[in-house]
Peer 1: 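Quick one: the structure is below, and I'll ask about it shortly.
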Protein chains: 2
Amino acid sequence: MVTSQTPSRFDVFNQHCPTRLVLDRLGDKWALLILHRLQDGPVRFNSLRRDIDGLSQKVLSQVLKRLERDGILARQAFPTVPVTVEYSLTPLGRTLKQAVSALTHWAEENMPQIMAAQQEYDGRLQESA
Amino acid sequence: MVTSQTPSRFDVFNQHCPTRLVLDRLGDKWALLILHRLQDGPVRFNSLRRDIDGLSQKVLSQVLKRLERDGILARQAFPTVPVTVEYSLTPLGRTLKQAVSALTHWAEENMPQIMAAQQEYDGRLQESA
DNA sequence: CCGAATCCTTGACGATACTG
DNA sequence: CAGTATCGTCAAGGATTCGG
């Protein structure tokens with residue numbers, strides 16, 4: 001098995017666009033949820049799995065491995081009887097979390113405006129029907 | 001044709017998590033590229049299509065329509081002989097663009113660290129093989 | 001020129017089963 | 001407990017065609 005990493009969904013833009021860098025790491029369904037869940041300290045594998053509803057072990061381990069490879073989070077295994085593994089944010093991961101917070105803020109503040117815009121947009125569709 | 005909008009890729013979290021709100025709008029391949037392309041003024045449909053390599057008309061019109069519905073960008077059609085359509089950022093869209101810039105900044109500053117982390121990670125894989 | 005409609009491929013994700 | 005391996009599903013997106 002060759003350990004070639006996910007070529008991600010991009011071909012051309014990956015290297016050129018820094019925004020892509022972020023999106024390719026956080027754009028999936030779960031990465032942000034995981035980051036959010038880790039911000040208050042280390043969390044174990046199955047704890048994450050339980051807390052995030054609908055997330056399968058397969059995908060969880062995939063995302064964790066990718067984020068660990070990127071240096072965004074750290075994995076520590078304890079040689080207890082059944083193995084214990086904790087995941088935590090690295091300093092790099094914490095700065096990322098902060099940057100994401102800016103967007104979260106935007107979303108919270110502008111959610112109403114977006115809803116309103118949608119209402120109006122759908123309304124205009126009605127009258128032209 | 002029912003005008004039900006994309007239920008997006010989420011079931012549970014959509015309403016609860018504001019981060020989702022952003023990601024569901026910008027998480028696809030192209031939205032960010034389009035936003036970036038529009039920041040300096042109105043751009044025409046085919047101009048966007050040409051400038052963003054690999055983007056099909058179908059997907060372009062989909063994304064444009066969605067962003068227009070969200071009030072992030074505006075569409076203006078001129079009744080010229082072959083129709084002319086311009087897309088531009090709304091005020092709301094501009095604030096979003098600013099918020100995104102925070103992430104872009106993070107990416108630019110930390111790209112080297114990520115690359116380094118990947119190198120080290122892959123290196124550790126080698127020696128354990 | 002600006003799209004909408006259709007078909008098809010691909011890859012992300014879920015479910016399940018199995019290992020250390 | 002913490003994963004890996006395999007399979008099937010499903011929707012995003014590319015290619016193409018047609019309409020206003």
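Below, chains carry the letters A, B, ... as their sequence lines are ordered, and counting in each starts from 1.
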Peer 1: Between D/dC1, D/dG14, C/dC2, which one does the side chain of A/Arg44 approach most closely?
Peer 2: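 The answer is D/dC1, which lies nearest to the side chain.
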Peer 1: Can you check the A/Asp24 CG to C/dG11 C1' distance for me, whole Å?
Peer 2: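 Atom CG in A/Asp24 sits about 14 Å away from atom C1' in C/dG11.
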Peer 1: When you compare the side chain of A/Tyr87 with that of A/Leu67, does any pair of heavy atoms fall below 4.5 Å?
Peer 2: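 The answer is no; the side chains never approach within 4.5 Å.
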Peer 1: Test of understanding: with side-chain contact (heavy atoms from CB on, under 4.5 Å), list the residues that count as partners of A/Arg37, not counting sequence neighbours.
Peer 2: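 For A/Arg37, the residues satisfying side-chain contact (heavy atoms from CB on, under 4.5 Å) (neighbours in sequence not counted) are A/Val43, A/Ser47, A/Leu48, A/Asp51.
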Peer 1: Both B/Arg75 and A/Gln62 contact DNA chain C. Taking the nearest nucleotide for each, which residue is further toward the 5' end?
Peer 2: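 Counting from the 5' end, the first nearest nucleotide belongs to B/Arg75.
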Peer 1: Just N and O in the side chain of B/Thr80: are any of them under 4.0 Å from OP1 or OP2 of C/dC1?
Peer 2: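 Result: no.
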Peer 1: Please evaluate the base of D/dG13 for a donor-acceptor partner in the side chain of B/Lys29 within a cut-off of under 3.5 Å?
Peer 2: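 Not at all, since no donor on one side and acceptor on the other fall under 3.5 Å apart.
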Peer 1: Within this structure, what is the CG-to-P distance between B/Asp53 and D/dA15, rounded to whole angstrom?
Peer 2: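 Distance, rounded to whole Å: 10 Å.
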Peer 1: Under the salt bridge (charged side-chain N to carboxylate O under 4.0 Å, His left out) rule, collect the residues that match up with B/Glu120, sequence neighbours excluded.
Peer 2: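 Checked B/Glu120 against salt bridge (charged side-chain N to carboxylate O under 4.0 Å, His left out); matches are B/Arg124.
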Peer 1: Please check this pair: side chain of A/Ser88 against backbone of A/Gly41, looking for a donor-acceptor N/O pair closer than 3.5 Å.
Peer 2: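 Side chain of A/Ser88 to backbone of A/Gly41, a donor-acceptor pair under 3.5 Å: no, none is there.
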Peer 1: Can you check the B/Leu64 CG to D/dG13 P distance for me, whole Å?
Peer 2: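 After rounding, the reported distance stands at 13 Å.
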Peer 1: With a 4.0 Å limit, can you tell me whether A/Ser56 has a side-chain N or O closer than that to the phosphate oxygens OP1/OP2 of C/dG14?
Peer 2: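 Result: yes.
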Peer 1: Axis-to-axis angle across the helix from C/dC1-D/dG20 to C/dG20-D/dC1, five pairs an end, to 10 degrees?
Peer 2: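 The end-segment axes of the helix from C/dC1-D/dG20 to C/dG20-D/dC1 are tilted 40° relative to each other.
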Peer 1: If I compare all heavy atoms of B/Ala77 with all of B/Arg75, which pair ends up nearest, and what's the gap?
Peer 2: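 Heavy atoms only, the tightest pair is CB-NH2, 3.9 Å.
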Peer 1: Between D/dA2, D/dA15, C/dG14, which nucleotide has the shortest distance from any of its atoms to the side chain of B/Lys58?
Peer 2: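 The listed nucleotide nearest to B/Lys58's side chain is D/dA15.
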Peer 1: Could you list the residues that satisfy side-chain contact (heavy atoms from CB on, under 4.5 Å) with A/Gln119, not counting sequence neighbours?
Peer 2: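 In terms of side-chain contact (heavy atoms from CB on, under 4.5 Å), with neighbours along the sequence ignored, A/Gln119 is linked to no residue.
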Peer 1: Among C/dC2, C/dG14, D/dG14, which nucleotide has an atom closest to any side-chain atom of A/Val59?
Peer 2: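 The nucleotide sitting nearest to the side chain is C/dG14.
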Peer 1: Of all the heavy-atom pairs spanning B/Leu92 and A/Gln113, show the shortest one and how long it is.
Peer 2: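 Where B/Leu92 meets A/Gln113 most closely, the heavy atoms are CD1-OE1, 3.9 Å.
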Peer 1: Could you work out which one of C/dC13, D/dC1, D/dG13 sits closest to the side chain of A/Asp28?
Peer 2: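 The answer is C/dC13, which lies nearest to the side chain.
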Peer 1: Between C1' on D/dA12 and CH2 on B/Trp30, what's the gap in Å once rounded to a whole number?
Peer 2: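 It is 12 Å, rounded to the nearest whole Å.
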Peer 1: Between atom CD in B/Gln76 and atom P in C/dG3, what is the gap in whole Å?
Peer 2: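 Checked: the CD to P distance equals 13 Å.
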Peer 1: Please state how far atom CZ in A/Phe78 lies from atom C1' in D/dC1, giving the value in whole angstrom units.
Peer 2: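 These atoms are roughly 14 Å apart.
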Peer 1: If you look at every heavy atom in A/Gln118 and B/Asp70, which pair is closest and at what distance?
Peer 2: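 Taking A/Gln118 first and B/Asp70 second, the nearest heavy atoms are NE2-OD1, 2.7 Å.
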Peer 1: May I have the distance from B/Gln57 (atom CD) to C/dC7 (atom C1'), rounded to whole angstrom?
Peer 2: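 For the pair B/Gln57 CD and C/dC7 C1', the rounded distance is 15 Å.
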Peer 1: In whole angstroms, how far is the C1' atom of D/dA11 from the CZ atom of B/Arg66?
Peer 2: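 The distance from CZ of B/Arg66 to C1' of D/dA11 comes to 13 Å, rounded to the nearest Å.
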Peer 1: So does A/Arg49 get a side-chain nitrogen or oxygen closer than 4.0 Å to the phosphate oxygens (OP1/OP2) of D/dA2?
Peer 2: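 No, no such contact exists.
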Peer 1: Looking at DNA chain C, which of residues 82-90 of chain B put a heavy atom within less than 4.0 Å of it?
Peer 2: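 Correct list: B/Pro82, B/Val83, B/Val85, B/Tyr87.
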Peer 1: Going by side-chain contact (heavy atoms from CB on, under 4.5 Å), name the residues that satisfy it together with A/Ala107, two or more places apart in sequence or in a different chain.
Peer 2: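 Only B/Pro18, B/Leu21, B/Val22 meet the side-chain contact (heavy atoms from CB on, under 4.5 Å) criterion with A/Ala107.
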Peer 1: Closest approach of B/Leu96 and B/Ile72, non-hydrogen atoms and distance?
Peer 2: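 Residues B/Leu96 and B/Ile72, closest heavy atoms: CD2-CD1, 3.7 Å.
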